[in-house]
J.: 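Okay, here's the structure, questions in a sec.
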2 protein chains.
Amino acid sequence: MSEEKQEYNVENAKSQMRKGFLEFPVLLIIGAKPTYAPDILKQLKNANLLVVEGTLYPLLSRLKRSGLVGYEWLESPSGPPRKMYTITLEGKEVLQQLETSWRSLDTSVNTLINHYEKSN
Amino acid sequence: MSEEKQEYNVENAKSQMRKGFLEFPVLLIIGAKPTYAPDILKQLKNANLLVVEGTLYPLLSRLKRSGLVGYEWLESPSGPPRKMYTITLEGKEVLQQLETSWRSLDTSVNTLINHYEKSN
DNA sequence: CCAAGGTACCTTGCAATGCATAGTACCGTG
DNA sequence: CACGGTACTATGCATTGCAAGGTACCTTGG
């Protein structure tokens, strides 16, 4: 059994933290108002959530395939047409469940922090 | 291009939410006091964070390989010996960084919720 | 008219991780 | 000494973030 030490990469950890929960912020944004991809990227960036194209587009496709969002093409004042995504009824329901899950996770983790952090 | 609809699975979403960020609670627990795997599972369960063996053991191995934790064998009052994990100095540093990342994520998401949720 | 640059969308392949499943090994007890 | 409980380990799959590369539309300057 090799015992090679492997440097711990905090950047990777942050990246992994984003994993699987990005659907929630994206649904939140689309749920508030029809939007298209580059605008979603800007809003996430404003919120300090770094997401890149290569992550967002497949995510939007998944949401579409699952029926949580729909879209329609809209002409742009300058440039190619835009896919304006809108949330569906099913999307709204899932959004609420995701929010519940998030709150639960949030509470759990913050409780753990408060409970264990004093020991340092 | 196939347009087959794929049911959205909230359980899977929850599972994905846990992804990559479990290191943080686990490090928190080990950082507070030397512990062994089944006890960590209990504490996570108490905190409402469902984790199973098949997830925890590989995670502990990774933490060990990265030098964030160490362990020593301790005889059990009944049953096989236990791997008592302890946090290392490097582990404490990473723990603080993970906590910073968590707080940042927490703030971002809660801000998004407050900002967008009113539109419903 | 057309070349160049900007905008918008999409795809492919890799790495990391949660988890189900199955397996190994130690221990005490009846 | 067989059996059940405790503890640890290994294998393989599915999902997802992301880097990198690509296609297509539109406007503008020469």
Side-chain angles (χ1 to χ4, degrees), chain A residues 1-3 6-26 35-42 44 49-66 69 71-85 98 101 105, chain B residues 1-3 6-26 35-42 44 49-66 69 71-85 98 101 105:
Chain A
M1 181 107 57
S2 104
E3 281 283 345
Q6 213 166 326
E7 274 311 324
Y8 188 81
N9 183 346
V10 179
E11 279 317 306
N12 175 53
K14 287 187 191 176
S15 164
Q16 293 297 334
M17 262 197 193
R18 286 191 273 274
K19 211 153 193 167
F21 108 114
L22 276 180
E23 294 174 348
F24 177 40
V26 170
T35 335
Y36 67 111
D39 195 34
I40 294 177
L41 286 176
K42 276 178 209 144
L44 290 173
L49 288 175
L50 292 188
V51 181
V52 295
E53 269 195 332
T55 300
L56 183 59
Y57 280 106
L59 197 166
L60 289 172
S61 297
R62 288 198 298 274
L63 293 180
K64 173 67 170 66
R65 253 200 315 281
S66 307
V69 303
Y71 65 78
E72 45 190 49
W73 289 98
L74 188 74
E75 284 187 14
S76 163
S78 74
R82 297 165 176 172
K83 260 189 182 175
M84 298 299 285
Y85 283 93
L98 290 182
S101 296
L105 193 68
Chain B
M1 181 107 56
S2 103
E3 282 282 344
Q6 211 166 326
E7 272 311 323
Y8 187 82
N9 183 345
V10 178
E11 279 317 306
N12 176 53
K14 288 188 189 175
S15 164
Q16 294 296 334
M17 262 198 192
R18 287 192 274 275
K19 211 155 193 167
F21 107 115
L22 275 179
E23 292 174 349
F24 176 41
V26 171
T35 334
Y36 66 111
D39 195 34
I40 295 176
L41 286 176
K42 275 178 209 146
L44 289 174
L49 288 175
L50 292 188
V51 183
V52 295
E53 269 194 331
T55 299
L56 183 60
Y57 281 106
L59 196 165
L60 289 172
S61 298
R62 289 198 299 274
L63 293 179
K64 174 68 171 65
R65 254 201 316 281
S66 306
V69 303
Y71 64 79
E72 45 189 49
W73 289 99
L74 188 75
E75 284 187 14
S76 163
S78 76
R82 297 166 175 173
K83 261 189 183 174
M84 296 299 283
Y85 284 93
L98 289 182
S101 298
L105 193 66

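Both backbone and side-chain heavy atoms feed into the values below; hydrogens, waters and symmetry mates do not. Sequence lines set the chain letters: A, B, ... in the order given, protein chains first and strands last, and positions in each chain run from 1.
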J.: Kindly indicate whether the side chain of B:F21, heavy atoms from C-beta on, has any atom under 4.5 Å from the side chain of A:L105.
T.: yes
J.: Please report the shortest heavy-atom distance between B:A13 and A:L98, naming the atom on each side.
T.: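 Heavy atoms of B:A13 and A:L98 come nearest at CB-CD2, 4.0 Å.
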J.: Could you go through the side-chain contact (heavy atoms from CB on, under 4.5 Å) check for A:V26 and A:L44 one step at a time?
T.: CA-CA 8 Å; A:V26 170; A:L44 290 173; 4.2 Å; yes
J.: Just N and O in the side chain of A:Y57: are any of them under 4.0 Å from OP1 or OP2 of C:dC10?
T.: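 Indeed not, no polar side-chain atom of A:Y57 lies that close.
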J.: Which nucleotide wins on minimum distance to the side chain of A:P38, given the candidates D:dC8, C:dA20, C:dA8?
T.: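 Given the options D:dC8, C:dA20, C:dA8, the side chain of A:P38 is closest to C:dA8.
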J.: Assess the residue pair A:R82 and A:W73 against the criterion (side-chain contact (heavy atoms from CB on, under 4.5 Å)); give the C-alpha distance rounded to whole Å, side-chain angles, the decisive distance to 0.1 Å, and a yes or no.
T.: CA-CA 6 Å; A:R82 297 165 176 172; A:W73 289 98; 5.8 Å; no
J.: Quickly work out the A:D39 CG to C:dT7 P distance and round it to whole Å.
T.: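 One finds 14 Å between P of C:dT7 and CG of A:D39, rounded.
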J.: Given atom CZ of A:R65 and atom P of D:dA14, what is their separation to the nearest angstrom?
T.: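 Atom CZ in A:R65 sits about 15 Å away from atom P in D:dA14.
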J.: Establish, with yes or no, whether the OP1 or OP2 oxygen of D:dG17 is under 4.0 angstrom from a side-chain nitrogen or oxygen of A:R62.
T.: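 Yes, because at least one side-chain N or O of A:R62 sits under 4.0 Å from OP1 or OP2 of D:dG17.
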J.: So do A:R65 and A:S61 actually touch side chain to side chain, heavy atoms under 4.5 Å?
T.: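 Yes, at least one pair of side-chain atoms sits under 4.5 Å.
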J.: Rounded off to whole Å, could you give me the CG-to-C1' distance for the B:L105 and D:dG17 pair?
T.: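 So the CG-C1' distance, B:L105 to D:dG17, works out to 14 Å.
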J.: Just N and O in the side chain of B:Y36: are any of them under 4.0 Å from OP1 or OP2 of D:dA7?
T.: yes
J.: Walk me through whether A:E23 and B:Q16 qualify under side-chain contact (heavy atoms from CB on, under 4.5 Å).
T.: CA-CA 10 Å; A:E23 294 174 348; B:Q16 294 296 334; over 6 Å; no
J.: For the residue pair B:T55 and B:L22, what are the closest heavy atoms and their distance?
T.: CG2-CD1, 3.8 Å
J.: Tell me: CG of B:L60 to P of C:dG18, nearest whole Å?
T.: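 Computing the B:L60:CG to C:dG18:P distance gives 11 Å.
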J.: Are B:L60 and B:V69 close enough, and set up right, to give a side-chain contact (heavy atoms from CB on, under 4.5 Å), and what steps lead you there?
T.: CA-CA 8 Å; B:L60 289 172; B:V69 303; 5.5 Å; no
J.: For the pair made of CE in B:M84 and C1' in D:dT6, what is the distance, rounded to whole Å?
T.: 15 Å
J.: At under 4.0 Å between heavy atoms, which parts of nucleotides 22-30 of chain C does protein reach? Answer with one letter per nucleotide, 5' to 3': B base, S sugar-phosphate only, - none.
T.: ----BS---
J.: Applying ring-ring contact (aromatic ring centres under 6.0 Å, His included), can you list everything that pairs with A:Y36, at least two apart in sequence or on another chain?
T.: none
J.: Write down the distance between CG (B:L56) and P (D:dC8), rounded to a whole number of angstrom.
T.: 9 Å
J.: Return the minimal non-hydrogen interatomic distance between B:P80 and B:S76, and the atom names on each side.
T.: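 The answer is O-CB, 3.3 Å.
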J.: Please state how far atom CD1 in B:I40 lies from atom P in D:dT6, giving the value in whole angstrom units.
T.: 17 Å
J.: Which parts of residues 7-19 of chain A get close to DNA chain D, meaning a heavy atom less than 4.0 angstrom away?
T.: A:S15, A:R18, A:K19
J.: Classify B:E23 by what it touches in the nucleic acid, base, sugar-phosphate, or nothing, heavy-atom distance under 4.0 Å.
T.: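 Touches sugar-phosphate only.
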J.: How many whole angstroms separate atom NZ of A:K64 from atom P of C:dT11?
T.: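 It works out to 13 Å between those atoms.
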J.: Is any side-chain N or O of A:R82 closer than 4.0 Å to OP1 or OP2 of C:dT7?
T.: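 Answer no for this pair, as no side-chain N or O of A:R82 is under 4.0 Å from OP1 or OP2.
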J.: Check every atom of C:dG18, C:dT11, D:dC8 against the side chain of B:W73 and return the nucleotide holding the closest atom.
T.: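 Given the options C:dG18, C:dT11, D:dC8, the side chain of B:W73 is closest to D:dC8.
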J.: If you find the nucleotide of DNA chain D closest to B:G54 and the one closest to A:L22, which residue's nucleotide is nearer the 5' end?
T.: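 Nearest-nucleotide comparison on DNA chain D picks B:G54.
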